[in-house]
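In the text below, chain A, chain B and the rest are named by the order of the sequence lines, each starting its count at 1.
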Number of protein chains: 2
Amino acid sequence: MAVADRTARTVWQGSLVEGQGELTLESSQVMVGMPVTWASRTEEPAGRTSPEELLAAAQASCYAMALSGALARNDTPPERLDVAATATFDRVGEGYGVAGMRLEVAGRVPGIDQAGFEEIARKAEQACPISNAIRGNVQIDLKAELEPS
Amino acid sequence: MAVADRTARTVWQGSLVEGQGELTLESSQVMVGMPVTWASRTEEPAGRTSPEELLAAAQASCYAMALSGALARNDTPPERLDVAATATFDRVGEGYGVAGMRLEVAGRVPGIDQAGFEEIARKAEQACPISNAIRGNVQIDLKAELEPS
């Protein structure tokens, strides 16, 4: 049996450009019936989420966990990690695609220096399940900065 | 310039198992400071989201848009599409990974039969940006069923 199955649902009505989806995070019920539209994806979010923002959210939360675990295994557990993930949606050939994922982490981590933090940040990126789900298809960039603790 | 950049952020405090992240969808502000934990990822969601649920949400919303567009280009626009995406989190080697993504779509689409719906559903999956972001790394399964309209 797998560790976990997690389900989300979108009910879409109408055309791509004029229609609207309602998104529900079914497993957690944290979001129920939130609107998603093509305009919120490609123009201004205007208080609506989008596939790329959700992918960025998956990446940011996954990487924060991966780095927390990697730092603890190095006997330098973090006090605080602040991870921002930005997914870039762009034209690819005749259609659209996720062109890039930029990860920026700032960490307050006692007992480590900038070089050591960067090294573990890179290792954690390699182990992160969401990074590995998009690797080779989406360019992943990582910037890691140690904050004074 | 890219079509769109979408950012999400996780601030993590404490260890992987006992700590907690706060997730914010920065571009849309739809979710601000929602808790994410390792337990909600690997055990019961208990009202908290997880990287895999967010990936499933990206996939469900993206695929609904891709299929809506593909059906319209076939001159058979849908009345309603109900897309569920389930991401499976599992042990992979020494670590963890996203092992599978199951897409299940039920469609109310006038003027098309089950075989035609399935064919367009498969084509839309091939064009879906989130599918293409995980393709080759995560096994994608698709089930498409036409509902009576």
Q.
If I measure from the heavy atoms of chain A, does B:Glu94 come under 4.5 Å with its side chain, its backbone, both, or neither?
A. neither
Q: Check A:Asn137 against B:Ala133 and note the closest heavy-atom contact, atom names and distance.
A: ND2-O, 2.9 Å
Q | A:Glu53 side chain to B:Ser27 backbone, donor-acceptor under 3.5 Å | A | yes
Q.
For a quick test of reading the model, state the closest non-hydrogen atom pair linking B:Arg6 to A:Glu43 and the distance between them.
A. NH2-O, 2.9 Å
Q) In Å and rounded to the nearest 0.5 Å, what is the CG to CG distance from A:Leu54 to B:Leu54? A) 6.5 Å
Q) Can you find a side-chain donor-acceptor pair between B:Thr88 and A:Asp5 that sits under 3.5 Å? A) yes
Q. Does CD belonging to A:Gln114 count more than 12 external heavy atoms closer than 6.0 Å?
A. yes
Q.
Please determine whether residues B:Trp38 and A:Leu81 belong to a single hydrophobic cluster, defined as Ile, Leu, Val, Met, Phe, Trp and Tyr linked transitively by side-chain heavy-atom distances below 4.5 Å.
A. yes
Q.
At a heavy-atom distance under 4.5 Å, which candidate from A:Ala56, A:Ser40, A:Ala87 has the highest pair count against chain B?
A. A:Ala87
Q) Looking at A:Gly100, A:Gly14, A:Gly95, A:Ala8, which has the largest count of heavy-atom pairs under 4.5 Å with chain B? A) A:Ala8
Q) When heavy-atom pairs shorter than 4.5 Å are enumerated against chain B, which of A:Ala85, A:Gly97, A:Ser15 gives the highest number? A) A:Ala85
Q) In terms of heavy-atom pairs under 4.5 Å with chain A, which of B:Asn132, B:Thr42, B:Thr86 leads? A) B:Thr86
Q. Where on A:Ala99 is there a heavy atom nearer than 4.5 Å to chain B: the side chain, the backbone, both, or neither?
A. neither
Q) Do you know the tightest heavy-atom contact between B:Thr7 and A:Ala84? A) CG2-CB, 4.4 Å
(Q) I'd like to know which of B:Ala57, B:Gly21, B:Ala64 tops the heavy-atom pair count under 4.5 Å against chain A. (A) B:Ala57
Q) Highest number of heavy-atom pairs under 4.5 Å with chain B: which of A:Val105, A:Leu55, A:Leu67? A) A:Leu55
(Q) So which atom in A:Tyr96 and which in B:Pro129 form the shortest heavy-atom distance, rounded to 0.1 Å? (A) O-CG, 3.4 Å
Q. How far does CZ of B:Phe89 sit from SG of A:Cys62, to the nearest 0.5 angstrom?
A. 6.5 Å
**Q.** Verify same cluster id: B:Val11, A:Phe117 (apolar side-chain graph, 4.5 Å)
**A.** no
Q: Answer with side chain, backbone, both or neither: which region of B:Arg91 has an atom nearer than 4.5 Å to a non-hydrogen atom of chain A?
A: both
Q) Once you round to the nearest 0.5 Å, how far does CD of B:Gln13 lie from OG of A:Ser68? A) 11.0 Å
Q.
What part of B:Ser131 gets within 4.5 angstrom of chain A, counting heavy atoms only: side chain, backbone, both, or neither?
A. neither
(Q) Less than 4.5 Å to any heavy atom of chain A: does that hold for the side chain of B:Leu23, its backbone, both, or neither? (A) side chain
Q) Among A:Val36, A:Ile130, A:Thr24, who wins on heavy-atom pairs under 4.5 Å with chain B? A) A:Ile130
Q) Around A:Gln126, counting heavy atoms of other residues, nucleotides and ligands shown, do more than 12 lie under 6.0 Å from its CD? A) yes
Q | Heavy-atom closest pair, residues A:Val30 and B:Met34 | A | CG1-CE, 3.4 Å
Q: Select one option (side chain, backbone, both, neither) describing which atoms of A:Glu22 are under 4.5 Å from chain B's heavy atoms.
A: neither
Q | B:Glu104 portion near chain A, given a 4.5 angstrom heavy-atom threshold | A | neither
Q: Consider only side-chain heavy atoms of I, L, V, M, F, W and Y, link residues closer than 4.5 Å, and tell whether A:Val32 and A:Trp12 are in one cluster.
A: no
Q: Side chain from CB out, backbone as N, CA, C, O: work out which of these in B:Gln59 comes under 4.5 Å of a heavy atom of chain A, or both, or neither.
A: neither
Q: Determine the option with the most heavy-atom pairs under 4.5 angstrom with chain B, choosing from A:Thr37, A:Ile134, A:Leu71.
A: A:Ile134
Q: To the nearest 0.5 Å, tell me how far B:Gln20 CD sits from A:Met65 CE.
A: 9.5 Å
Q | Top contributor to chain A contacts, counting heavy-atom pairs under 4.5 Å, from B:Pro77, B:Gly47, B:Ala106 | A | B:Gly47
(Q) Has B:Asp90 got a side-chain atom pairing as donor or acceptor with A:Ala4's backbone, closer than 3.5 angstrom? (A) no
Q. For B:Met31, is it the side chain, the backbone, both, or neither that has a heavy atom closer than 4.5 Å to a heavy atom of chain A?
A. side chain
Q. Transitively linked via ILVMFWY side-chain contacts under 4.5 Å: A:Val17 with B:Val83?
A. yes
Q | Minimum heavy-atom distance B:Ser28-A:Pro45, with the two atoms named | A | CA-CB, 4.0 Å
Q: Could you look at A:Glu52 and say if it's the side chain, the backbone, both or neither that has a heavy atom under 4.5 Å from chain B?
A: both
**Q.** Distance (rounded to the nearest 0.5 Å) between A:Asp82 CG and B:Arg9 CZ
**A.** 4.5 Å
